[in-house]
Every structure is written in structure tokens, then in C-alpha cells.
Visitor: 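Take a look at the following structure, please.
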Amino acid sequence: MRLTMYTDYSLRVLLYLANREDENVTITELADFYKISRNHLVKVVHNLGLNGHILTTRGRHGGLKLARPAKEILIGEVVRSTEPDFDLLECFNPATDQCVITHSCSLKSVIFNAQASFLGVLDEYTLADIAKTSRKAFPSFKTIPIIHS
């Protein structure tokens with residue numbers, strides 16, 4: 001299973017905001033920190049706001065903040081809200097399934113169970129779990145190597 005860059009960027013935004021809990025953060029600040037396109041982040045931030053993960057405020061003193069405490073944001077919930085679909089096999093989507101062995105194949109249930117396990121593990125972790133860096137130690141957060149593929 002592979003997550004999209006959109007989900008990766010979404011998790012990065014939330015991780016950054018979790019480490020700046022009491023501050024407003026700008027999209028430009030995020031783009032500069034992660035060295036990724038501001039235009040991509042605008043779309044990511046918009047979606048995170050629509051899904052209730054962050055609050056966005058316009059204006060001079062505006063910016064971004066988590067909509068709720070990091071300990072209440074499940075990683076699995078974020079992944080589900082940012083991935084376009086989880087159709088790992090053609091037969092996962094009845095509307096596009098053209099596989100001739102769909103009705104007799106047991107692979108679908110194996111892959112479905114693996115996917116459920118994957119998401120189940122993500123549901124065991126909150127944003128707070130992965131953002132253990134305290135606000136005082138935030139400068140050390142900047143030492144995390146960010147690898148772009």
C-alpha cells in the first residue's frame with residue numbers, strides 16, 4: 001500500500017501544527033519549513049479545514065491551528081479523509097470491476113483484511129503520539145530530515 005503525497009503533506013502540516021499548538025502558523029511558514037510548494041499546501045490546508053482537522057483564520061493575525069487537541073486526532077482518520085480511495089484491487093470497486101474471477105476469487109478478502117489491519121494500526125495512534133516533541137524543544141523538530149521522493 002502506498003499513500004499519496006497529498007496524505008503525506010497533510011500529515012506533515014498536522015505534525016507541524018501539533019508542535020506549535022498555541023501559535024498561528026502560516027502556509028508560507030509551512031512551505032518554507034518543508035521546502036514544498038505553497039500552492040500544494042493551499043489545497044492540503046483547505047481540505048484539512050473542511051474535514052475539521054484544522055482551523056483557518058484570515059487576516060493580519062490569522063493563520064492555521066489544530067481544530068482540536070492532537071491527542072484527539074487519529075492518524076487513521078486523517079489518512080481516510082485524505083486518500084482518494086482504497087481500491088487496492090479492481091474488484092474493490094463494483095462500478096469498475098471487470099475481473100472475470102471476482103465471484104470465485106479469495107484474494108479480495110485477503111487484501112481487504114490486510115488493508116483493514118493497516119488502517120487499524122493507524123487508528124491506534126494519535127497526532128500527539130507522533131508529535132512527541134514538546135513546544136520548548138521545537139527547534140529540535142527542525143532537525144528531522146525530510147526526504148522528498
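The structure displayed is predicted, hence computed values, not measured ones. The first residue of the sequence shown is numbered 1, and numbering continues consecutively from there.
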Visitor: Where is the tightest heavy-atom contact between K65 and E21, given as atom of each residue plus distance?
Guide: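 It is CE-O, 4.1 Å.
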
Visitor: Looking only at heavy atoms, what is the nearest atom pair of E90 and T96, with distance?
Guide: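 Scanning both residues, the minimum pair turns out to be OE2-O, 3.5 Å.
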
Visitor: How many angstroms lie between CG in L66 and CD1 in I54, if you round to the nearest 0.5 Å?
Guide: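 Separation between the atoms: 8.0 Å.
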
Visitor: Of all the heavy-atom pairs spanning R68 and G52, show the shortest one and how long it is.
Guide: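 It is NH1-O, 3.0 Å.
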
Visitor: Between the main-chain N or O of L30 and the side-chain N or O of Y16, is there a donor-acceptor pair closer than 3.5 Å?
Guide: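 No, Y16 side chain to L30 backbone: no donor-acceptor pair under 3.5 Å.
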
Visitor: Please answer whether the main-chain N or O of H61 pairs with a side-chain N or O of N24 as donor and acceptor at a distance below 3.5 Å.
Guide: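 Here the side-chain-to-backbone pair exists.
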
Visitor: First locate atom CD of Q115, then atom NZ of K108, and finally report the distance between them rounded to the nearest 0.5 Å.
Guide: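 Rounded to the nearest 0.5 Å, the CD-NZ separation comes out at 11.0 Å.
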
Visitor: Distance from I75 atom CD1 to L119 atom CG, nearest 0.5 Å?
Guide: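 Between atom CD1 of I75 and atom CG of L119 there are 12.5 Å.
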
Visitor: Using atom types as modelled and distance alone, determine if a side-chain donor or acceptor of E83 lies under 3.5 Å from a backbone N or O of T7.
Guide: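 No: the side chain of E83 does not pair with the backbone of T7.
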
Visitor: How long is the straight-line distance from CG of D97 back to OG1 of T102, given to the nearest 0.5 Å?
Guide: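 The distance works out to 3.5 Å.
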
Visitor: How close do V44 and S10 get, counting heavy atoms only, and between which atoms?
Guide: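 Nearest heavy atoms, V44 then S10: CG1-OG, 3.4 Å.
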
Visitor: Any donor-acceptor pair under 3.5 Å linking the side chain of D32 with the backbone of E29?
Guide: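 Side chain of D32 to backbone of E29: no pair is present.
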
Visitor: Within the distance-only criterion (no hydrogens, no angle test), does the side chain of N19 pair as donor or acceptor with the backbone N or O of L15 below 3.5 angstrom?
Guide: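 Yes; judged by distance alone, with no hydrogens or angles, the pair exists.
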
Visitor: R38: which residues meet the salt bridge (Lys or Arg N to Asp or Glu O under 4.0 Å) condition with it, sequence neighbours left out?
Guide: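 R38 satisfies salt bridge (Lys or Arg N to Asp or Glu O under 4.0 Å) with no residue once adjacent residues are dropped.
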
Visitor: Tell me the closest heavy-atom pair linking Y9 and L41, and the distance in Å.
Guide: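 Looking at all heavy atoms of both residues, the shortest contact is CB-CD2, 4.5 Å.
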
Visitor: Should V121 and L11 be counted in the same cluster of Ile, Leu, Val, Met, Phe, Trp and Tyr side chains packed under 4.5 Å apart?
Guide: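 Yes, one cluster joins them.
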
Visitor: What's the separation between atom OG1 in T82 and atom CG in D8, rounded to the nearest 0.5 Å?
Guide: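 Separation between the atoms: 9.5 Å.
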
Visitor: How long is the span from the NE2 atom in H40 to the CD1 atom in I27, to the nearest 0.5 Å?
Guide: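 Between H40 NE2 and I27 CD1, I get 13.5 Å after rounding to 0.5 Å.
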
Visitor: Minimum heavy-atom separation for L74 to D123, with atom names?
Guide: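 Of all heavy-atom pairs spanning L74 and D123, the closest is CD2-O, 3.4 Å.
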
Visitor: Within a radius of less than 6.0 Å around CZ of F92, do more than 12 heavy atoms belonging to other residues, nucleotides or ligands occur?
Guide: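 Check passes, neighbour count above 12.
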
Visitor: Between Y6 and K43, is there a donor-acceptor pair closer than 3.5 Å when you use the side chain of the first and the backbone of the second?
Guide: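 Indeed, once roles are kept as given, a pair shorter than 3.5 Å links the two residues.
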
